[in-house]
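The structure appears right after this line, and notes come after that.
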Amino acid sequence: MVEDKDKVLVLVADDEENLLLLLKDNLEERGFRVEVANNGELALEMSCKKKPDIFILDVEMPKLNGLEACKKIRSTPELKNIPILILSAYAQPEDIQKGLKAGANLYMTKPFKINELVETIHKILHPQT
Amino acid sequence: MYSDKNEIYILDDEPGVRQSIETILIGEGYHVQSFATGLELIKNLNQSNFTPPVAALVDLRLPDMSGVTVMEKIKDLSPQTEVIMLTGNPDLTSAVDSVNAGAYAYILKPYNLDEIKNLLNKIFEKARLVKENQELTERLKKWNEKLEEEVHRRTVALNESYQKLQTLYDMRTQFISIMSHELRTPATAVMGFADTLKDGWTRLSPEKIKQYLDVLSLEASRMVRLMSEIFEISKIQEGKLIFNLEELNIMQFLRETIQDFRNRYPQFSIGFIEGAPVKIKLDPVYFKSVLSHIMMNSIKYSKEHLNIMVFTEKKENEFIIRIEDDGPGIPRAVREKAFEPFFRSMDDVNRKTPGAGLGLTIARGILNSMNGTIQIADKCSGGEGCAVEISLPL
């Protein structure tokens, strides 16, 4: 049995409640710890108290959108090395460019397959394997 | 320019010659001026009302000067005037010289009058052709100018429509991009929960299965609603709405629509004071959908308790309906933007609300197609909340 504190902590920010439910249930089922926030600002506040191992950010969110949140994370010393995965319904090449430019490690478009998302998280956390 | 008078000058120092030619030419219909000396002719040329002659018959040998000198003076002032030199046999060489110097022809004395008439006919025919040519050139020039103007005008118009098309194209591209985003969002939930249910059917608790199925059903309805709203908007944009106009008693219509809402949402209070009957031609189905979009906005953006008040006012040429609520309201700065497709104000409350932000776009599209208007206004009381004002032509 893996102790809770040893599990990978994923912080998900999305303004769609059903998307948060989908990710929380599925990632927890696969052995992650999951914290959720419904906007970028809240995600940043939460991450300062409890540093996540990876961020999953939506782009279009109230208060602080995903791209702005990305930039803030990259310019905050204690957060800047945490990997970021953007998960957005904006699927144009220029949207992806914007996301990567803002500092995301990877950009995944919605809709997505849960298994692919999990694989992607593993790839970002363990790039050598 | 030549006058229409068939003006001819005769210059000869011999009165007999002068008069006989003059008489014959006047008989032929020409307008003739005779001169006895070169000076006399030159003096006439210098008069302010001088009419250039079409032709001049000039004696080569004059007492005061040579006929060539007179010709040069005439040509200086009126290059088109043709000069016929009159000369005796002994002057043949100088007559040939005069032609080389610019004379149209020379005639040897004694004159053959038919020869003179022939030459004059040719000269007048030439003058007529020159004049016609000039007129045609002038007309061509005017046509060209008109054509250039027209081309310029068309180019400007073309540029304007190109700009308009470009703006429409940009708007359309943006619309499609947001539409794709808005469809992908519920599709994500549908796909995700369908997979979750498929993979976890045996281990998931009945409560979880129920929760996921509820989400699936909700998100699938969201997709269907979004698609039908997009279809509605494209019909509006293409001007393809077909109305079945009926003469409605608007007061009765409002009362029934509001009652319908009260039944569906008993937790909200909707107030309406019915006034005297007013008849308006409207499509009841589309107009009900307008009211529904507005009231749904009030309900969607409200907290737990909400009061909606519907006011009416009959003016001279229009009927006003005001729908006011005590919800969060729409800031002045974005009131016009609220009618753009996919607009939703970006605060926490609104982001949780269902709908893609097409309601007001559709409401305005329908009303404008029925010659009405819709705008967001301040509440009469000045209090917090949203006021939507509809104006219908009477």
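Just so it is clear, the structure is predicted and the values come from calculations on it, not from any experiment. Naming convention: chains lettered A, B, ... in sequence-line order (proteins, then strands); numbering from 1 in each chain.
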Are the side chains of A/Phe32 and A/Leu23 in contact, using a 4.5 Å heavy-atom criterion?
no
For A/Leu11 and A/Ser47, the nearest pair of non-hydrogen atoms, with its separation, is CD2-CB, 3.8 Å
Hey, are A/Asn115 and A/Glu119 close enough side-chain-wise for a donor-acceptor pair under 3.5 Å?
no
Best-contacting candidate, A/Leu21, A/Thr109, A/Asn65, against chain B by heavy atom pairs under 4.5 angstrom
A/Leu21
Charged N-O contact under 4.0 Å between B/Glu219 and B/Arg222
yes
Side-chain heavy-atom pair A/Leu67, A/Ile86 within 4.5 angstrom cut-off
yes
With a 4.5 angstrom heavy-atom cut-off, which part of B/Leu183 approaches chain A: side chain, backbone, both or neither?
neither
Looking only at heavy atoms and a cut-off of under 4.5 Å, which of A/Leu117, A/Asp25, A/Leu19 has the most pairs with chain B?
A/Asp25
Which of B/Ala189, B/Pro186, B/Gly192 touches chain A most, by non-hydrogen pairs under 4.5 Å
B/Gly192
Do you know which of A/Asn26, A/Asp95, A/Ile114 has the most heavy-atom pairs with chain B at a distance under 4.5 angstrom?
A/Asn26
